[in-house]
There are 2 protein chains.
Amino acid sequence: MPEPAPEGLDRFDLAILAILQRDNTVPHRVLGERVNLSAAAVHRRVRRMEESGVIIGNFAAVDPARVGQPITIVVEVQVESERLDLLDAAKRSFAADLAVQQCYYVTGEADFVLIVTVASMADYDALTRRLFFENHNVKRFRTLVVMDRIKAGLAVQLPDQNPERI
Amino acid sequence: MPEPAPEGLDRFDLAILAILQRDNTVPHRVLGERVNLSAAAVHRRVRRMEESGVIIGNFAAVDPARVGQPITIVVEVQVESERLDLLDAAKRSFAADLAVQQCYYVTGEADFVLIVTVASMADYDALTRRLFFENHNVKRFRTLVVMDRIKAGLAVQLPDQNPERI
DNA sequence: GTTGAAAGCTTATTGAA
DNA sequence: TTCAATAAGCTTTCAAC
C-alpha cells in the first residue's frame with residue numbers, strides 16, 4: 001500500500017488546506033467551526049504550515065484579460081543541448097520574463113513548457129524573439145494559443161476529506 | 001499605439017494588484033503606504049476589484065509534493081472530432097477531475113493541455129484510463145513529466161509600475 | 001506534545017466631513 | 001478622498017489536558 005503519507009499533516013491540517021486553497025480570507029474562527037477546532041488551534045496549524053513550506057504563499061488571483069493581457073499561450077520549447085549550464089541559463093531567462101506565468105522543465109519530446117500571457121500577438125512575437133530566437137540553444141518551439149481557460153487556478157487535490165463532525 | 005487600456009483601472013489599482021498577487025496578507029495600511037493612499041481608499045479599491053472580477057479569488061498555494069502528490073505532469077490531448085457537444089463533454093470531464101489542476105483548450109496540433117498532479121505513476125496510469133481511454137473522442141495524448149517546477153504560481157504580469165512616491 | 005479561553009493588539013469596515 | 005469610531009479578526013498568554 002503506497003500511502004502518500006503527507007509528512008506530519010493530519011486530517012485537520014488537510015481539511016484546513018482544502019478550504020484555504022479555495023479562499024484564504026475565511027476567518028480562523030469559521031475554519032475552526034468547519035473542522036471542529038478552536039480559532040487559536042487553527043491559527044497555530046496555519047502558521048506551522050506556512051513556516052514549514054506546506055503553504056507556499058497567499059495570493060490574490062488576477063484575471064489577465066482584465067489587466068490588459070487577454071491572450072494566453074502554451075509554448076513547448078525544445079533545446080539543442082541539455083548541458084547543465086545551458087539548461088540553467090534557459091531556466092533563468094524564462095523565469096525572469098514577466099510575461100511567463102508558469103515554466104516547467106519536462107521530460108519527453110519537449111524540454112520546457114511555458115504558459116505566457118500577452119497583450120497582443122505582436123507582443124508574443126517580440127517574446128519569441130527575446131526568449132527563443134536570441135537563445136541559440138533553443139532548437140524549436142511550438143505555439144498553442146489558448147482559446148478557453150477551462151481551469152486555471154492552482155488548487156491542489158488533497159488526499160483526505162473533512163474530519164468528522166461531532 | 002494599441003495600448004492595453006485596462007478598463008477603469010488606474011495606476012493605483014495596478015500597483016495594489018501587483019502587491020496582492022504576490023501576497024494578499026499585506027494589510028491595507030501597508031498597501032496604502034506603498035502606493036500613497038489611505039487604508040480606507042485601498043480597501044474600497046480592493047473591494048471594487050473583487051466585485052468586478054478583476055480579482056478572481058484569494059488563495060493559499062499548497063505545495064503538491066507536501067500533500068502526497070509529488071508528481072506533476074503536462075498532458076497534451078488530441079481529439080477525434082471537434083463537434084461542440086463532444087468538446088464540451090471532454091471539457092467537463094477534465095475540469096471535474098480532482099487530479100487536473102489546470103486545463104486549457106488550445107489551437108494547434110493539440111486540443112487540450114492539462115496539468116495534473118498525482119501521487120504515483122500508477123495513479124497517472126489510472127487517470128489516463130478514466131480520462132482518455134474511456135473517452136472515445138480522445139485520439140491520442142502526449143505525456144510530459146515535470147522534472148522541475150521552475151515557476152508555478154499564477155501571478156499575472158501587470159502593465160504598469162508603482163505610482164510615484166512623494 | 002496538544003488543546004481552548006481570554007486578553008490585548010492589529011486590521012477591516014463603516015460613516016461623516 | 002481622509003479621518004475617526006466601531007466591529008472584527010489576529011496573536012499571544014496561560015492553564016489544562
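If you're wondering where the values come from, they're calculated on a predicted model, not measured in any experiment.
- What separates CD of B:E50 from C1' of C:dA12 is a distance of 12 Å, to the nearest Å.
- Between B:F94 and B:F112, the angle of the ring planes goes over 60°, which puts this pair in the perpendicular group of the 30/60° scheme.
- To the nearest angstrom, C1' of C:dA12 lies 14 Å from CG of B:L20.
- Separating the CG atom of B:L37 from the C1' atom of D:dT1 is a distance of 8 Å, rounded to the nearest angstrom.
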Wobble G-U and Watson-Crick pairs count when both distances are under 3.5 Å; given that, what is the 5' to 3' dot-bracket string of DNA chain C, with | for pairing to other strands? |||||||||||||||||

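- Counting to the nearest Å, the P atom of D:dT1 and the CZ atom of B:R48 are 8 Å from each other.
- Ring pair B:F133/B:F141 is perpendicular by interplanar angle, where above 60° counts as perpendicular and below 30° as parallel.
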One character per nucleotide, please: for nucleotides 3-17 of chain D, 5' to 3', B when the base has a protein heavy atom closer than 4.0 Å, S when only the sugar-phosphate does, - otherwise. B-----SSSB-----

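- The existence of a salt bridge linking B:D88 and B:R92 is excluded, since no basic side-chain nitrogen approaches an acidic carboxylate oxygen closer than 4.0 Å.
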Can B:D97 and B:R130 be said to form a salt bridge (charged side-chain N to carboxylate O under 4.0 Å, His left out), step by step? CA-CA 10 Å; B:D97 198 289; B:R130 71 175 178 268; 2.6 Å; yes

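- Look at CG on B:L31: it is 13 Å from P on C:dT13, rounded to the nearest Å.
- One interatomic measurement links the two molecules: CD of B:E33 to P of C:dT11, which rounds to 9 Å at whole-angstrom precision.
- Salt-bridge annotation for A:E134 and A:R129: absent, with no side-chain N of the basic residue lying under 4.0 Å from a carboxylate O of the acidic one.
- Under 3.5 Å, the side chains of A:N58 and A:N24 contain a donor-acceptor pair of N or O atoms.
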Go through the steps to decide whether A:D10 and A:R45 satisfy the test salt bridge (charged side-chain N to carboxylate O under 4.0 Å, His left out), and finish with yes or no. CA-CA 10 Å; A:D10 61 16; A:R45 285 163 177 273; 2.8 Å; yes

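- In this structure, the CG atom of A:N58 is 16 Å from the P atom of C:dT11, given to the nearest Å.
- Not counting sequence neighbours, the partners of B:D123 by the side-chain contact (heavy atoms from CB on, under 4.5 Å) test are B:V118, B:A119, B:S120.
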